[in-house]
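Single-structure report; data block below.
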2 protein chains.
Amino acid sequence: MKEETDILYYMGNQNENQLNEIFHALADPTRREIIHMMAQKERTVSELAEPFDMSLAAISKHIKVLERANLVKRNITGRTHICSINAESLSRASEWLRFYEKFWSNRFDILESELLKAKNREH
Amino acid sequence: MKEETDILYYMGNQNENQLNEIFHALADPTRREIIHMMAQKERTVSELAEPFDMSLAAISKHIKVLERANLVKRNITGRTHICSINAESLSRASEWLRFYEKFWSNRFDILESELLKAKNREH
DNA sequence: ATATCATTTAACTATATGGTTGAATATGAA
DNA sequence: TTCATATTCAACCATATAGTTAAATGATAT
């Protein structure tokens, strides 16, 4: 039986796969910079490519990785593709992290209160 | 000149490298499960390896990746290595994500209030 | 119709990753 | 000392990743 605290159970497997892709997408500094650019406003592919010393094809691939992770959505109008952040995926990763941050710090709170109780019993 | 909103500037380069490693470490489901186990209590390497259908050496490598990302710290006592979460790195990644979550949703708030103003002017 | 612009696709390369097995290291116990 | 335990290290393999260049697709503009 899984415990209530088992985030893996709570989240299910599809979500697990999505986390793989989200974190993998975020692990590349070029892709994070792309997200940074999109955070301010939507951008076309060539706008996103401009600051990088890298082929358009390479950026195209990076965007695809972000898309696969659902971090970016693309709006095709004519020949230009306009990319924007999908914050839902950002928050999925964010939630995962906050869960463990909190879990771990709770552990210390509990530890601390146990120590306190023990200390009180000494007297 | 960088803007105040430029988290990359604010964070510096060392931090950037750490983010690469943190997100990369988190992109693997085995490593996330290892973190999950450690969230409850500290664990030895073999304890961490036990639930996986994988060699100890493989888990040893996974732990090393987590260590390199500063997500895990190791306490060697005799021949057993006790691993625990280092929440500081978790929160570094968490901060990064929250920054962009917030940034993006602010963007919509601003957009919305602009639309509202525009609407009011119509009357 | 043709040239140009925005972007993707395909084929290829080098390197990184995640796993394996077998040997090495180092501590603990008999 | 000898044997077992906990863990790492080294060499290897298959696959994935991040980049390249050149060609293909598809929409605009002339």
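Naming convention: chains lettered A, B, ... in sequence-line order (proteins, then strands); numbering from 1 in each chain.
D:dA18 atom P lies 11 Å from atom CD1 of A:Ile34, rounded to whole Å. In this entry the distance linking CZ of A:Arg32 with P of D:dA18 reads 12 Å, nearest Å. For the pair B:Glu50 CD and D:dT7 C1', the interatomic distance rounds to 17 Å; values are reported in whole Å. The interatomic distance linking B:Met54 (CE) with C:dT21 (C1') rounds to 15 Å, in whole Å. In this structure, CG of A:Leu26 is placed 12 Å from P of D:dA18, rounded to the nearest angstrom. Computed from coordinates, the A:Asp53 CG to D:dA18 P distance equals 17 Å when rounded to whole Å. D:dT7 atom C1' lies 13 Å from atom CG of B:Leu48, rounded to whole Å. For the pair A:Ile76 CD1 and D:dT28 P, the computed distance is 12 Å after rounding to whole Å.
In terms of the side chain to side chain contact (heavy atoms under 4.5 Å, CB included) criterion, residue partners of B:Pro29 (sequence neighbours excluded) are, by chain and number, A:Glu16, A:Asn20, B:Arg32. For A:Arg74, the salt bridge (charged side-chain N to carboxylate O under 4.0 Å, His left out) test picks out A:Glu67, with sequence neighbours left out.
Residue A:Ser55 places no side-chain N or O under 4.0 Å from the OP1 or OP2 atom of D:dG19.
One finds the CG atom of B:Leu26 at 12.0 Å from the CD atom of B:Glu21 (value rounded to the nearest 0.5 Å).
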Would you list the protein and nucleotides 4-10 of chain C atom pairs, both N or O, that sit under 3.5 Å from each other?
residue, atom, partner, partner atom, Å
C:dC5, O4', A:Arg79, NH1, 3.3
C:dC5, O2, A:Arg79, NH1, 2.9
C:dA6, O3', A:Arg79, O, 3.4
C:dT7, OP1, A:Val45, N, 3.3
C:dT7, OP1, A:His81, N, 2.9
C:dT7, OP1, A:His81, O, 3.3
C:dT7, OP2, A:Ser46, N, 2.7
C:dT7, OP2, A:Ser46, OG, 2.1
C:dT7, O3', A:His81, ND1, 3.2
C:dT8, OP1, A:Arg74, NH1, 2.0
C:dT8, OP1, A:Arg74, NH2, 3.4
C:dT8, OP1, A:His81, ND1, 3.4
C:dT8, OP2, A:Ser60, OG, 2.6
C:dT9, OP2, A:Lys64, NZ, 2.2

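B:Arg31 places none of its side-chain heavy atoms less than 4.5 Å from the side chain of B:Ile35. Using a 4.5 Å heavy-atom threshold, the side chains of B:Pro51 and B:Met37 count as touching.
Across all their heavy atoms, A:Ser89 and A:Ile22 have their closest contact at O-CD1, 3.6 Å.
Looking at which nucleotide of DNA chain D each of A:Asp28 and A:Gly78 is closest to, the 5′-most match is held by A:Asp28.
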